[in-house]
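Read the structure below first, then the notes.
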Amino acid sequence: MREVLEPRAVLLNENAASREEAIEKCGRLLVTTGAVAEPYIQAMLDREHSISTYVGEGVAIPHGVSREHIRRDAICVVRFPDGVDWDGDRVVLCVGIAALGDGHVALLSELAEILLDPDRARTLREAQDVKTILKELS
């Protein structure tokens, strides 16, 4: 996972008024790092409106279903210390995914393994520095 997560793709003290705004922040970060083109943000929002990307433990994994705007596999991590209402659930950590081909399956599998460990999930939710995020996701 380390090869798809750059330190500059981690934001730890963000705020969002809605899940849509949180997803837009994730998408914007993926655009800024050059992993995706601008239209991928809308693909992420479209995916969210078809089925929630909330996975439990205060974590959502927004991603788009369209691959045409993806330039390379990448993830971003955005932490919302005050939480974001995610259709009735509280999300404090968004892990945005952009993956070519079936790369998203492997990324989702790795993330699921990490998030199934309550201690690691808590460490990610409470991380105060980028190094902690990189360590837990490596």
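The structure presented is a predicted model; accordingly, all values stated were derived computationally and were not measured. Every heavy atom of this structure was used, including side-chain atoms; hydrogens, water molecules and symmetry mates were not.
- Put simply, CG on Leu124 and CG on Leu137 are 5.0 Å apart, with the number rounded to the nearest 0.5 Å.
- Here the CD-CG distance, from Glu21 to Asn15, works out to 8.5 Å after rounding to the nearest 0.5 Å.
- Residue pairs that meet the side-chain hydrogen bond (donor to acceptor under 3.5 Å, both in side chains) test with at least one member in residues 34-46, sequence neighbours left out, are Arg28-Glu38, Gln42-Asp46.
- Contact detail for Cys94 and Val91: the closest heavy-atom pair is SG-CG1, 3.9 Å.
- Of all non-hydrogen atoms in Met44 and Cys26, the two that sit nearest each other are CE-CB, 4.0 Å.
- For Glu14, the side-chain contact (heavy atoms from CB on, under 4.5 Å) partners are Leu11, Lys25, Val78, Phe80, not counting sequence neighbours.
- Heavy-atom minimum distance, Pro7 versus Leu134: CG-CD1, 3.8 Å.
- The minimum heavy-atom distance linking Ile23 with Pro62 is given by the pair CG1-CB, 3.9 Å.
- The CD1 atom of Ile75 sits 13.0 Å away from the NE2 atom of His63 when rounded to the nearest 0.5 Å.
- Taking the side-chain hydrogen bond (donor to acceptor under 3.5 Å, both in side chains) definition, one finds that Arg71 meets it with nothing, sequence neighbours left out.
- Of all heavy-atom pairs spanning Val36 and Gly27, the tightest one is CG2-O, 4.3 Å.
- Under a 3.5 Å cut-off, the side chain of Arg19 and the backbone N or O of Ala16 do not form any donor-acceptor pair.
- Contact of the Leu111 side chain with the Val59 side chain is not registered, since no non-hydrogen atoms from C-beta on lie closer than 4.5 Å.
- Residue pairs meeting the side-chain hydrogen bond (donor to acceptor under 3.5 Å, both in side chains) criterion with at least one member in residues 82-101, sequence neighbours excluded: Glu48-Trp86.
- Atom OG1 of residue Thr53 and atom CD1 of residue Ile97 lie 9.5 Å apart, to the nearest 0.5 angstrom.
- Put simply, OG1 on Thr32 and CZ on Arg8 are 8.0 Å apart, with the number rounded to the nearest 0.5 Å.
- Clustering ILVMFWY residues whenever any of their side-chain heavy atoms sit less than 4.5 angstrom apart, transitively, puts Leu100 in the very cluster that holds Val31.
- Under the rule for a side-chain hydrogen bond (donor to acceptor under 3.5 Å, both in side chains), the partners of Asp129 that lie at least two apart in sequence or sit in another chain are Thr132.
- By the 4.5 Å heavy-atom criterion applied to side chains, Pro81 and Asn13 are counted as neighbours.
- Counting all heavy atoms, side chain and backbone alike, Ile70 lies closest to Ala99 at CD1-O, 3.3 Å.
- Here the SG atom belonging to Cys76 is positioned 11.5 Å from the CD1 atom belonging to Ile133, to the nearest 0.5 angstrom.
- With sequence neighbours left out, the side-chain hydrogen bond (donor to acceptor under 3.5 Å, both in side chains) criterion links Glu68 to Ser66.
- When the salt bridge (charged side-chain N to carboxylate O under 4.0 Å, His left out) test is applied to Arg79, no partner is found at least two apart in sequence or on another chain.
- Contacts classified as side-chain hydrogen bond (donor to acceptor under 3.5 Å, both in side chains) and involving residues 116-127 (residues at least two apart or in different chains) are given here: Glu57-Arg125, Asp119-Arg122, Arg120-Glu136.
- Judged as a side-chain contact (heavy atoms from CB on, under 4.5 Å), and not counting sequence neighbours, Pro118 has no contacts.
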